[in-house]
2 protein chains.
Amino acid sequence: MRTLPEGMREKVLAAAELIADHGLDATKMEDIAATTGVPKATLYYYFEGKEDILAFLFTEILDEVGRAVDNAMRTNGTAADRLRAVVVAQLRVVEAYPAASRALQFDLGRAARTPLIDEQVESAYRRPLRRLLEEGVDDGSLRPVEHPGLVATAVLGAVATAGINAIAAGPRRSADEVAGDIVALVIDGVGA
Amino acid sequence: MRTLPEGMREKVLAAAELIADHGLDATKMEDIAATTGVPKATLYYYFEGKEDILAFLFTEILDEVGRAVDNAMRTNGTAADRLRAVVVAQLRVVEAYPAASRALQFDLGRAARTPLIDEQVESAYRRPLRRLLEEGVDDGSLRPVEHPGLVATAVLGAVATAGINAIAAGPRRSADEVAGDIVALVIDGVGA
DNA sequence: ATGAGTTTAGACTCCGAGTACAGATCTGTC
DNA sequence: GACAGATCTGTACTCGGAGTCTAAACTCAT
């Protein structure tokens, strides 16, 4: 993928909606050209193909998540406090990029097969969560778990699934409205 | 889709592995024919097309989840007890159908866009969870949450994501090994 | 004005989904 | 056994869309 010129980024981001609605394979290059306003030949000049466009969209949103999570990790307070902040940060990105988030969930499988994307998911989502779980044991704000990696994956699944299906789709709630329940689930569970 | 004759079901289930590995669109009808041993013309005799085969796979696994969850719901004990049983039941199905589970996650978007499949996800996963959350408030075993539907989605996301990525893929742990951490997360959270 | 990089239209190749159909094989019925 | 109908399968076909190629137009620095 060539580096995009001024303005091209925003145009191409508009393809997210299309892809989220129909899935990548049902989306024709012609359609992407039509909705983004970037001619097909130009798309092929900048991107390797359809998958590359999808990878670009994912990279954009995962970069954003990475930055937001990084900031949340830097706040001071207990690990539990930072865990709350990380979850809220992730939900806010879903709110900011609803179409790309939906596309990401829908074409997750493809995403996971691209090593670069996979690594981004790892570093933006799973690794920080896992680190927090470990730090929380040290500072006493979180309880120890048997498999931290597994629990990190579960938390990621909970936040992403709920976020996407309640914010970017379905009831279209705000991130803040959703955050309470999700944070409470992660920290306290649903037990009485 | 015509009703399948004796033995055809098992053969076609073998396609799950293929689809889970490469995704549906990268999987050629010829490939499915080759790995299942069912000739392409015969596949088209029984199924409308590729999507129909995928829908069949999803329906099979979702039926299974539906049955397992149903049984778990029928056990006696508090809502919290049954919630534990439901989560374990869902993890066991992932363990029993790893390839189909991976395929489901891989082509999640397609599943969500197919009304019949979507309804099955709803009735096998989300509705029971939501009902348990409500019953748990009544019997005092679970705490009330603001949006039960949202929390049900989050729990589904946690269980499915962790199950698929730790049982059907990645570390390939057993359902029982994974269940402890996941159940604990859902009921008690990770807070100290 | 020249040349390098960018942008685009349009025509082309190639692959794979799905179709058509005819022949083969199986199943029951008289 | 012979026939009718359904089931099964090989082969040849159409058609749409991904990606390629080329050449022309346009931009912009020197």
Side-chain angles (χ1 to χ4, degrees), chain A residues 1-60 103 106-107 109-111 113-114 116-117, chain B residues 1-59 103 106-111 113-114 116-117:
Chain A
M1 188 195 126
R2 276 170 222 251
T3 41
L4 305 184
E6 196 67 22
M8 177 79 89
R9 182 182 165 277
E10 286 67 28
K11 283 185 182 175
V12 177
L13 282 179
E17 184 97 32
L18 203 60
I19 296 173
D21 285 344
H22 311 291
L24 185 67
D25 30 325
T27 304
K28 289 172 257 178
M29 247 355 217
E30 311 271 12
D31 298 342
I32 297 179
T35 45
T36 59
V38 181
K40 186 180 132 174
T42 308
L43 287 173
Y44 276 107
Y45 180 73
Y46 283 106
F47 299 95
E48 313 274 331
K50 276 212 288 190
E51 299 246 341
D52 199 29
I53 293 179
L54 193 71
F56 164 73
L57 292 175
F58 288 172
T59 299
E60 284 294 307
F106 281 173
D107 275 292
R110 223 184 296 257
R113 255 182 321 123
T114 310
L116 209 83
I117 303 283
Chain B
M1 189 194 126
R2 277 172 221 249
T3 42
L4 304 184
E6 196 66 21
M8 178 78 89
R9 180 181 166 278
E10 287 67 28
K11 283 186 182 174
V12 176
L13 282 178
E17 184 96 31
L18 203 59
I19 296 173
D21 286 343
H22 313 290
L24 186 67
D25 33 323
T27 305
K28 288 174 258 177
M29 249 351 219
E30 312 270 11
D31 298 341
I32 297 179
T35 44
T36 60
V38 180
K40 185 179 135 178
T42 307
L43 287 173
Y44 276 106
Y45 180 73
Y46 284 107
F47 300 95
E48 313 274 332
K50 275 212 290 190
E51 299 245 342
D52 200 28
I53 293 179
L54 193 71
F56 163 75
L57 293 176
F58 288 173
T59 298
F106 200 135
D107 272 291
L108 195 60
R110 223 183 295 257
R113 263 180 254 108
T114 309
L116 209 84
I117 305 284

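Proteins come first, then strands; the chains are lettered A, B, ... in the order of their sequence lines, and each starts at number 1.
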Is it possible for you to check whether Arg113(A) lies under 6.0 Å from the centre of the six-membered ring of Phe106(B), through NZ or CZ, and within 45° of that ring's axis? no
Shortest non-hydrogen pair, Val12(B) vs Thr36(B), comes out as CA-CG2, 4.0 Å
note: Glu48(A), atom CD; dG19(D), atom P; distance rounded to Å ~ 10 Å
Per nearest nucleotide of DNA chain D, the residue lying toward the 5' end, Lys40(B) or Pro5(B), is Pro5(B)
Met1(A) CE to dG19(D) P, in whole Å, measures 16 Å
Interatomic distance, CG@Leu13(A) vs NZ@Lys11(A), rounded to 0.5 Å, equals 12.5 Å
Here the distance between atom C1' of dA17(C) and atom CD1 of Ile19(B), to the nearest Å, is 14 Å
Is a side-chain donor or acceptor of Arg9(A) paired with a backbone partner of Leu4(A) at a separation under 3.5 angstrom?
-> no
Examine distances only and state if a side-chain atom of Arg110(A) and a backbone atom of Gly23(B) form a donor-acceptor pair shorter than 3.5 Å. no
Rounded to whole Å, the CZ-C1' distance (Arg2(B) to dG5(D)) equals 13 Å
Separation of dA18(D) atom P from Phe47(A) atom CZ, nearest Å, is 16 Å
With the side chain defined as heavy atoms from C-beta on, Tyr45(A) is closest, among dA9(C), dT9(D), dT6(C), to dT6(C)
Output for pair (Asp31(A) CG, Asp21(A) CG), nearest 0.5 Å, gives 11.5 Å
Can you see if the side chain of Tyr44(A) gets near the phosphate of dA18(D) - specifically, an N or O under 4.0 Å from OP1 or OP2?
no
So, with a heavy-atom separation below 4.0 Å from DNA chain D, the residues of residues 23-38 of chain A are Thr27(A), Lys28(A), Met29(A)
Per the under-4.0 Å heavy-atom filter, residues of residues 49-57 of chain B near DNA chain C come out as Gly49(B), Lys50(B)
Whole-Å distance, Glu6(A) CD to dC28(D) P, equals 13 Å
Original post:
Is Thr42(A) close to Met8(A) at the side-chain level, that is, under 4.5 Å between some pair of heavy atoms?
Top reply: yes
Closest non-hydrogen atoms of Asp107(A) and Ile19(A), given as atom of the first, atom of the second and distance, are OD2-CG2, 4.2 Å
To the nearest angstrom, the CG-C1' distance between Leu4(A) and dT6(C) comes to 13 Å
What one should report as the nearest heavy-atom pair of Leu57(A) and Ala15(A) is CD1-C, 4.5 Å
